[in-house]
Structure formats: C-alpha cells, structure tokens
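Worksheet: the structure to be examined is printed underneath.
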Amino acid sequence: MTADTALSNSSQDVAQDGIVAELYAQFGAEAFTLQPTLIGMPVVWAAREQLLDIMKFLRGVPRPYVMLYDLHGVDERLRMHRDGLPKADFTVFYQLMSLERNSDIMLKVALSEADLRVPTVTGIWPNANWYEREVFDMFGIDFPGHPHLTRILMPPNWNGHPLRKDYPARATEFDPYTLTMEGQDKAQEALRFNPEDWGMQRRTEETDYMFLNLGPNHPSAHGAFRIVLQLDGEEIVDCVPDIGYHHRAAEKMGERQSWHSYIPYTDRVDYTGGVMNNLPYILAVEKLAGIKVPARVETIRIMMAELFRISSHLLFLGTYLQDLGAMSPVFFAFTDRQKSYEVIEAITGFRMHPAWFRIGGVAQDLPKGWEGKVKSFIDWMPKRLNEYQRAMMDNAVVRERTKGVAAYTTREALEWGVTGPNLRATGFEFDLRKARPYSGYENFEFEIPVAHNGDAFDRGMMRIEEMRQSLRIMQQCLDNMPAGDYKADHPLTTPPPREKMLQHIETLITHFLQVSWGPVLKANESQQMIEATKGINSYYLTSDGNTMSYRTRIRTPSYPHLQQIPAVMRGGFVPDLIAHLGSIDFVMADVDR
Amino acid sequence: MSWLSPLAVDIIIAVLKAIVILLVAVVAGAFLSFVERRLLALWQDRYGPNRVGPFGSLQLAADMLKMFFKEDWIPSFADKKLFVLAPAIALGSLLLSFMIIPITPTWGVADLNIGILFFFAMAGINVYAVLFAGYSSANKYALLGAMRASAQTLSYEVFMGLSLMGIVAMTGSFNMRDIVNAQTDVWFIIPQFFGFCTFIIAGIAVTHRAPFDQPEAEQELADGYHVEYSGMKWGMFFVGEYVGVVLISALIATLFFGGWHGPLLPPFIWFLLKTCFFIMLFVLIRAALARPRYDAVMNFGWKFCLPLTLLNLLATGAVILLHASATT
C-alpha cells in the first residue's frame with residue numbers, strides 16, 4: 001500500500017479496492033455502507049444478520065483474510081459527527097488482515113442499545129475468543145455462541161462496563177471506595193478457579209488431576225499473569241490463562257486526556273518499548289491532523305525506536321535465559337541495557353518512559369555530541385551479541401530445553417493472531433517495516449530475520465538477529481541524519497515552535513490554547529500499525545472534532561500471544577511452559593493496557 | 001587427678017576435635033553463602049555484597065541477624081512435626097557425614113572402617129528432609145519439588161555408590177584413611193577418571209545444586225520443597241545446601257585427589273586448597289549453565305551415567321584380576 005492510498009479519504013477510491021468490489025459482487029452493494037476514513041483500508045458497515053456469511057466469505061476468498069487482527073467495540077451514543085453512517089448506539093468492529101494481499105479490511109456492525117448481541121466469530125477465528133470477552137467486559141455486548149463469555153480484564157464480580165460513555169473515568173466521580181469483610185470474601189471467592197467452568201474434569205477413572213495455580217505472582221510469570229494448569233504429574237493436560245491484573249484502563253484514559261497529554265500513557269503500554277509506543281499513536285494523530293513531518297524527525301524517531309527495540313530485546317534475552325535456569329546472562333544483558341539507556345538519557349533526558357515524541361515532531365533536537373554516544377553503543381553491541389550466541393544459544397542445555405518446545409506453524413500463528421518475531425520464527429517473512437513502511441523505513445537497508453521451526457529456540461535466536469539488524473538501521477541513521485527542523489511547520493504541531501509564538505499577541509494566544517487545550521482535530525478516524533518490539537502494535541483513533549479522542553483502541557501484540565498459550569502447551573511439561581513463557585516476550589502492561 | 005587417665009584425655013581431645021570440625025563445617029557452609037555471592041558477582045560483572053565490613057566479609061553476620069529475627073512461621077495447614085523435622089534432617093545428615101572425612105593424618109572425627117558406606121547412608125537419609133518438607137508443607141509447588149527431588153536423588157544415588165566402588169576395589173577398603181593412603185603415588189583421578197566424572201555429577205545432584213536444582217527450580221517451582229519455610233528453618237535448608245557443597249568437595253578431594261597429600265605445603269593446607277577448588281567449581285558451574293529439563297536429568301542419570309559407572313567398575317575389576325593373576 002502506498003502512502004497515497006493510505007491517505008485516500010474518498011469512498012470512491014475505496015470502492016475500487018479489490019476486496020470491496022468482491023464483496024459487492026457477492027452480497028450486493030446495498031448490503032454495505034462504506035465509511036470514508038483515514039485508516040488506510042476499506043471500512044465497511046454490514047448488517048449483523050450477514051456478519052457470519054461475510055466473515056466466512058472473507059476467510060475463504062482467494063488470497064484470504066487469514067488473520068483476525070483486531071476486534072473491539074465503540075460506544076457511539078455520544079458521538080456527534082456520524083454523517084452517512086448507519087444508526088448505532090454501539091459498534092463492534094473487526095479488522096481482518098490478508099497477508100497475501102498485504103492489505104486489511106475493517107468491518108463494522110451497528111447495534112442498538114436494546115439489542116446488544118452479535119454472533120460470535122470464534123468458529124472462524126479462534127482468537128476472537130478473548131477479544132469478544134473483552135468487548136463483553138467493556139461494553140456489555142453479548143456474543144451468542146461464544147464458548148465462555150465471561151469478564152476478562154475486570155474481576156468477575158465487577159459492576160458496570162468501563163468503556164461505556166456513561167461509566168466515569170475519574171475516581172472522583174465515584175463514591176469513596178470501601179471494602180468490607182464480606183466484600184473481601186466475595187472478591188476472594190470470585191478468584192477461585194472452577195475447572196468445570198472451563199470444561200475440565202477434576203478426575204478420570206485412572207487419574208486425579210492436580211490444578212496448579214501459577215501466578216499472578218510467580219517468578220516466571222513476567223508480571224501479574226496467572227495461568228491455571230491442569231496437571232497429570234508434571235504434564236500439562238490443559239491450562240487457562242487469566243489476565244487483567246495489570247489493567248489500567250489505558251483506552252479509557254485516551255478519552256479524557258488531550259491528544260497531546262495522552263503521549264506519556266502510551267509509553268507505559270509496553271513499558272519495555274519506551275518511545276516505540278509513542279510512534280503508532282503519534283503517527284495516527286498526525287494522519288488525523290494531516291501533518292507531514294520533516295525527514296529529520298522521521299529519522300530521529302526511527303533511530304530511537306530501534307534503540308528501544310534493542311533494549312527491549314536485551315531484556316527479553318536476559319529473562320528468557322534466566323527462565324531456562326541460566327542465571328548469568330541477565331546481568332550481562334542489563335549491563336548492555338545500561339549502555340543503551342546512557343544514549344537514551346543523553347538524547348531524551350529520561351530512561352524508561354521518555355514520552356519524547358510529539359505531535360508533528362520530537363520534544364527537542366538531538367543534543368550536541370549525540371553521534372559519539374550512538375556510535376559507542378553501536379560499536380559495543382555486536383561482540384556482546386556474538387558472545388550471547390556462543391555462550392548460551394550454542395549451549396547444549398539451552399538447546400535441549402528449547403528446541404522443539406512449544407513449536408507452532410505459520411498457519412497456527414496466523415490463526416491465533418501471532419505477529420512480530422514470534423510469527424517470523426515460524427518461517428513467515430512479514431515485517432511491517434518492509435511490508436507497509438511507515439515513518440521512512442523504506443529508506444533503510446536491513447534484512448528481516450526468519451527462522452523455520454517456530455519453537456522456543458527460534459524465538460530466542462530471532463531476537464539476537466533482530467538486534468543486529470536494528471544496529472544496522474541505527475548505523476544508517478547515524479551516517480545519514482538529515483539536517484532540518486525537529487518539528488513540522490504545521491498549525492497543529494504541539495507544542496508549537498517557540499519562535500513562532502513570540503511574534504505578536506495572536507500567535508501567543510494560539511500557542512496558549514494549543515498548550516492548555518491541546519490541538520483540536522477534525523472528526524475522522526485513523527489508525528497506524530507499527531512493527532513494535534513484540535509484534536504489531538496499533539492505535540485506532542476516533543476523533544469527534546474535539547481536543548480529546550472519542551475512542552482510542554490500542555491493539556497490542558502480547559494479548560493474542562498469551563491467548564495462544566493453551567493451544568501450544570497441551571501435552572507439554574511445566575518446564576516447557578516456563579521456556580515458552582520466556583520465549584513469547586510479553587509484558588503484562590501490554591496485554592492488559 | 002586420677003580420673004584424668006590417658007584414655008579420658010584421648011576422649012576429651014577427640015570430642016574437642018569433633019566439635020571444632022563441626023563448627024568449622026557449619027561456619028564454612030554459612031560463609032560459603034557469602035563467598036558464592038561474591039564469586040558469582042565476579043563472573044557476572046557486578047560487585048555482589050560489599051557493604052558490610054571489609055569487602056563485605058561481615059555480610060554473613062547481617063544475614064544471620066536477619067534470619068534469627070524473622071518470624072518463624074509454620075503454616076496452619078502444615079503437618080507440624082514433619083515440617084519441623086525436615087530442616088533438622090537436612091542439616092544434620094550432611095553434618096554427620098563430615099565425621100568420616102580425614103582432614104590431615106591426625107585430624108578427623110571418626111576412623112570408621114565403613115567410611116564411604118556411612119556417607120551413602122547419610123546421603124540416603126538426606127532425601128527424607130526434602131520429602132518431608134515437600135509433603136508436610138501441603139503446598140503443590142513443594143510437593144512437585146519433593147517429587148522431583150526424591151526421583152532424582154534415588155536415581156543418582158544408585159550410580160553415586162557404584163562410581164566409588166572402583167576405588168574401593170582398588171584399595172580393598174571402605175575406610176577413608178586407607179583410601180587416602182593408597183593415593184600416595186597416584187591420585188585416583190587417573191585410574192578412576194570415569195568414576196570421578198560420574199561421582200562429581202552425582203554429587204552435584206545430591207546437593208541439588210545447579211544444574212541439578214530441579215527440586216527447587218526458582219523459575220518453575222518458585223523454590224520447590226522449601227517454599228513454605230521461613231526464618232531459621234529455611235536457614236537450615238540454606239546452610240545445609242552449602243554444607244553439602246563443602247562435603248562433596250571435601251569428598252572429591254579425598255577420594256580422587258589424594259586428600260592431604262601434596263608436596264611442600266602442610267597436609268591441612270593441601271586439603272583446604274583442594275576442597276576450595278572444588279567448591280569454586282560448584283559455583284562456576286552454577287554461573288555458567290542453564291537448567292536441563294527434569295526428565296532429561298533422569299535420562300542422563302539412568303541411560304548414561306549408570307552404564308558408564310558399571311563399565312568403569314567392570315574394567316577396574318578386570319584390571320585388578322589380571323594384575324592379581326599376573327603377580328601370582
């Protein structure tokens with residue numbers, strides 16, 4: 001997809017897109033409403049009754065839509081600007097990905113408040129399971145036919161549906177929180193795991209199963225993640241992941257923070273990714289605002305994002321090997337991360353959460369002497385990476401622990417919405433930086449590392465290879481950093497360039513408004529997908545012509561990766577599960593948002 | 001002072017020696033916790049504990065203070081008697097094994113003629129510590145750890161015994177002093193190389209040290225069998241593990257590296273140096289290796305180590321018989 005089509009905003013262009021024509025041919029043009037957006041893919045409204053047929057058609061069409069990339073809802077009740085859209089109180093949207101076409105389609109279903117039901121698509125895409133549970137949890141929309149429609153992020157005894165517009169976003173709008181003894185008992189009881197609820201047996205004629213509660217506090221759970229194992233000896237018969245312990249309502253916060261002041265929240269979504277998280281959000285906002293940033297900004301952003309990719313992968317490598325029982329690598333990896341933080345600190349003034357990208361630019365220009373810092377990091381890393389590979393990845397014990405463990409094929413990966421290095425470890429070469437370049441990645445030379453077995457070992461090796469490629473990209477940034485401004489010359493650039501504010505009273509007022517209210521963006525929808533540290537991360541923003549987002553949907557890679565665990569772990573052993581958890585590279589903040 | 005007969009004096013001296021060795025063993029074990037942390041830090045490019053006392057040497061005192069004052073909590077759901085008994089066995093059985101180690105020609109607690117067998121017996125009893133701890137804690141992680149520990153120890157003790165039988169056959173005695181004296185010319189590491197290899201593996205396994213720490217496997221079982229322990233009871237498991245390391249190192253030095261034998265330096269120094277070397281090796285192995293999977297450890301024990309020890313024993317026997325028939 002070129003930048004031109006990505007920015008096309010007329011339904012005329014979209015209707016000529018192959019898939020829309022195919023849909024019209026199959027179901028008739030009157031079955032759909034095309035919505036013009038800045039999302040960069042056809043957005044099609046369809047009737048609930050036809051949803052399953054359309055989904056099956058898209059799944060089976062030549063060059064099929066193999067992956068359910070995202071599924072969520074919108075509370076449309078307070079939305080002002082909905083001209084030409086079907087009447088709806090709530091919307092459920094589905095984003096489907098076709099990798100052969102290298103393009104997506106977004107399907108929307110309008111629902112009325114009196115009848116909040118959509119048939120489940122879990123029969124077509126197994127990974128719809130958690131997404132539908134989340135929509136149920138957040139909006140109270142029912143999915144008849146869903147195998148286990150319960151709350152997923154909120155506790156089972158929670159009242160209300162947090163992403164509804166009539167649900168307050170601030171603690172001050174609630175009554176003071178109280179917890180009585182009965183309340184505590186109830187909350188405790190709600191956490192009790194009931195195997196029967198999940199279709200599990202407590203015993204068969206030969207075996208009494210042990211139900212082991214792993215987490216939410218466990219050394220290898222990488223944060224507050226709980227997974228209940230049904231064990232026969234040490235063999236995992238089945239398991240049920242339980243998430244939501246790290247839920248901070250990042251999406252809800254998007255609806256009450258200005259476009260500008262939401263940036264620091266994005267940093268904390270995947271807290272190992274730093275400014276990498278700013279990128280999809282900022283790019284989506286810039287699409288809405290129509291800002292084109294200077295080449296220097298693009299290159300600085302890429303350099304910082306790749307630096308954070310290395311930092312995140314180093315954390316992965318250290319903890320992954322530690323989960324395998326090797327205690328030393330994590331210390332070396334943290335030494336290397338410190339080196340990366342020295343660069344990050346010098347450039348952004350902060351370490352883990354710099355919140356450094358801005359709408360239309362970055363916070364400051366690169367400081368004097370940044371080249372030396374970056375260069376010393378680029379010189380330092382390669383020999384360390386070789387060392388990790390020799391000492392650990394070539395080690396017989398590590399290989400024995402990871403080769404063939406938790407292996408899955410490309411088909412299974414796509415079925416479960418697996419993206420990023422974990423998808424490429426199965427031998428499928430798909431990297432958004434190459435397939436759909438953003439922020440100027442098309443100007444860089446690098447390779448996409450691919451492995452072939454899709455096991456825990458390959459997932460580890462992928463990261464080492466990716467770090468080498470990231471270093472290559474950083475080297476190119478260093479060699480070819482364009483001169484120019486670090487902010488776009490655009491009225492919506494936030495904060496506006498300082499020199500423009502001191503001209504006369506009018507510019508000062510504009511500046512003042514932009515800083516206090518933040519920019520006001522025209523009503524529209526946009527989305528940006530990026531190849532983040534752990535897979536594809538995207539922000540889907542709906543503007544209603546306001547200073548704040550109407551709906552911020554954050555699709556994170558770790559969420560489907562965790563959902564897939566039971567599918568690959570059945571029949572494995574407890575140590576395999578630990579190896580697999582280590583190899584996924586997930587962050588609970590990224591899962592729960 | 002007629003009661004102070006030569007016999008009584010001998011007894012008192014022997015008791016004093018035994019107490020000294022006991023104390024040294026316990027303190028060495030506890031101090032090892034500090035040494036290990038410093039050594040690991042050295043190999044991991046960091047400092048380790050260096051705040052308390054010169055070079056952190058008083059870290060042990062701080063750790064002990066902390067441990068003594070910690071709440072000694074027994075879970076209400078635990079089987080109390082076994083729960084208390086387990087750490088006592090863990091430390092006690094290993095300390096008792098020190099009895100048989102001849103430190104120098106004149107120092108040592110007991111000169112048992114069943115020396116090695118006594119060690120095997122104590123190592124066997126040591127399994128109960130883990131088993132009791134895992135069972136009495138009524139915790140699923142502890143139970144899994146105990147299951148792993150008992151299966152592992154059982155399989156590894158089989159060939160641990162066999163790995164030393166070559167030495168016994170060559171010396172013709174179970175007595176540790178006889179074994180040391182038999183190494184005046186050649187250390188047993190040379191004729192019994194495969195015995196050495198398997199013994200060191202089994203030794204690591206019996207002390208549950210990395211990479212054979214599956215029973216505690218922090219990343220998998222969150223410390224396994226002693227997950228419910230705190231305070232001094234936990235401390236006894238902890239020190240017990242280090243005492244085990246000292247013990248196995250001392251045994252390796254004694255059985256395969258000529259014990260106190262060595263040129264120039266006094267016997268005690270030789271014994272100390274050799275033991276320390278193997279202690280360091282234990283720590284280095286922990287720093288360097290990942291943890292193999294539990295079933296791989298079992299396979300390795302039964303399918304590789306056991307046949308190897310048996311072959312070693314057969315070969316040793318054949319050589320001894322050939323030698324005997326040649327000399328007669």
Side-chain angles (χ1 to χ4, degrees), chain A residues 209-215 217-222 228-229 231 233-235 318-336 338 384 387 391-405 456-457 460 572-582, chain B residues 36-48 134 138-152 201 204 208-224 227 282-300 303-304:
Chain A
Y209 297 116
M210 180 200 260
F211 288 91
L212 188 68
N213 185 37
L214 202 132
N217 290 306
H218 185 278
S220 305
H222 292 252
V228 183
L229 310 176
L231 294 180
E234 282 212 25
E235 192 188 325
T319 52
Y320 161 75
L321 293 168
Q322 194 177 37
D323 285 349
L324 300 175
M327 70 173 302
S328 296
V330 73
F331 294 105
F332 290 94
F334 268 72
T335 306
D336 297 346
Q338 175 55 30
R384 297 281 278 200
E387 207 176 313
M392 281 292 141
M393 302 312 284
D394 292 349
N395 179 292
V397 177
V398 170
R399 282 170 174 256
E400 181 261 334
R401 277 296 301 277
T402 52
K403 284 256 179 193
V405 166
F457 177 81
F573 288 89
V574 175
D576 295 341
L577 172 76
I578 304 301
H580 181 44
L581 288 183
Chain B
E36 170 167 49
R37 286 160 73 185
R38 290 290 292 197
L39 279 178
L40 283 178
L42 180 73
W43 288 315
Q44 290 167 350
D45 271 5
R46 56 193 178 93
Y47 290 114
N139 176 309
K140 288 172 185 171
Y141 287 100
L143 186 67
L144 284 175
M147 257 166 50
R148 285 181 175 191
S150 26
Q152 176 179 316
I201 289 169
I204 299 172
H208 311 139
R209 290 279 304 186
F212 296 109
D213 56 349
Q214 280 77 11
E216 19 200 309
E218 192 199 346
Q219 285 80 16
E220 292 153 31
L221 301 181
D223 272 356
V227 67
F282 267 80
V283 180
L284 184 59
I285 288 174
R286 179 173 177 200
L289 283 184
R291 182 187 308 112
R293 219 171 73 168
Y294 161 68
D295 53 333
V297 169
M298 301 294 282
N299 280 339
F300 181 67
K303 293 188 184 156
F304 181 77

Between atom CG of B:D295 and atom CG of A:D576, what is the distance when rounded to the nearest 0.5 Å? 7.5 Å

Measure across A:V397 and B:R291 and return the closest heavy-atom pair with its distance rounded to 0.1 Å. CG1-C, 3.8 Å

Taking the side chain as every heavy atom from C-beta outward, state whether B:L143 and A:M210 have any pair of such atoms under 4.5 Å apart. yes

Testing the basics here: between B:R148 and A:P575, what is the closest heavy-atom pair and its distance to 0.1 Å? NH2-CG, 3.5 Å

I need the A:L324 CG to B:L289 CG distance, nearest 0.5 Å. 12.5 Å

So, taking the atom named CG in B:L40 and the one named OG in A:S328, what distance separates them when rounded to the nearest 0.5 Å? 6.5 Å

Is there side-chain contact between A:E400 and B:F300, with at least one heavy-atom pair below 4.5 Å? no

Closest non-hydrogen contact found for A:F332 with B:W43 is CZ-O, 3.3 Å

Return the OG1 to CD distance between A:T335 and B:Q44, rounded to the nearest 0.5 Å. 10.0 Å

Rounded distance (nearest 0.5 Å) linking atom CD of A:E234 with atom CE of B:M147: 5.5 Å

Interchain contact, A:L231 with chain B, by part (heavy-atom threshold 4.5 Å): side chain

Correct closest heavy-atom pair for B:Y141 and A:N213 would be OH-O, 2.8 Å

Which atoms of B:A41 are under 4.5 Å from chain A, going by heavy atoms: the side chain, the backbone, both sets, or neither? neither

Go through A:G582, A:A579, A:A326, A:A391 and name the one with the most non-hydrogen pairs under 4.5 angstrom from chain B. A:A326

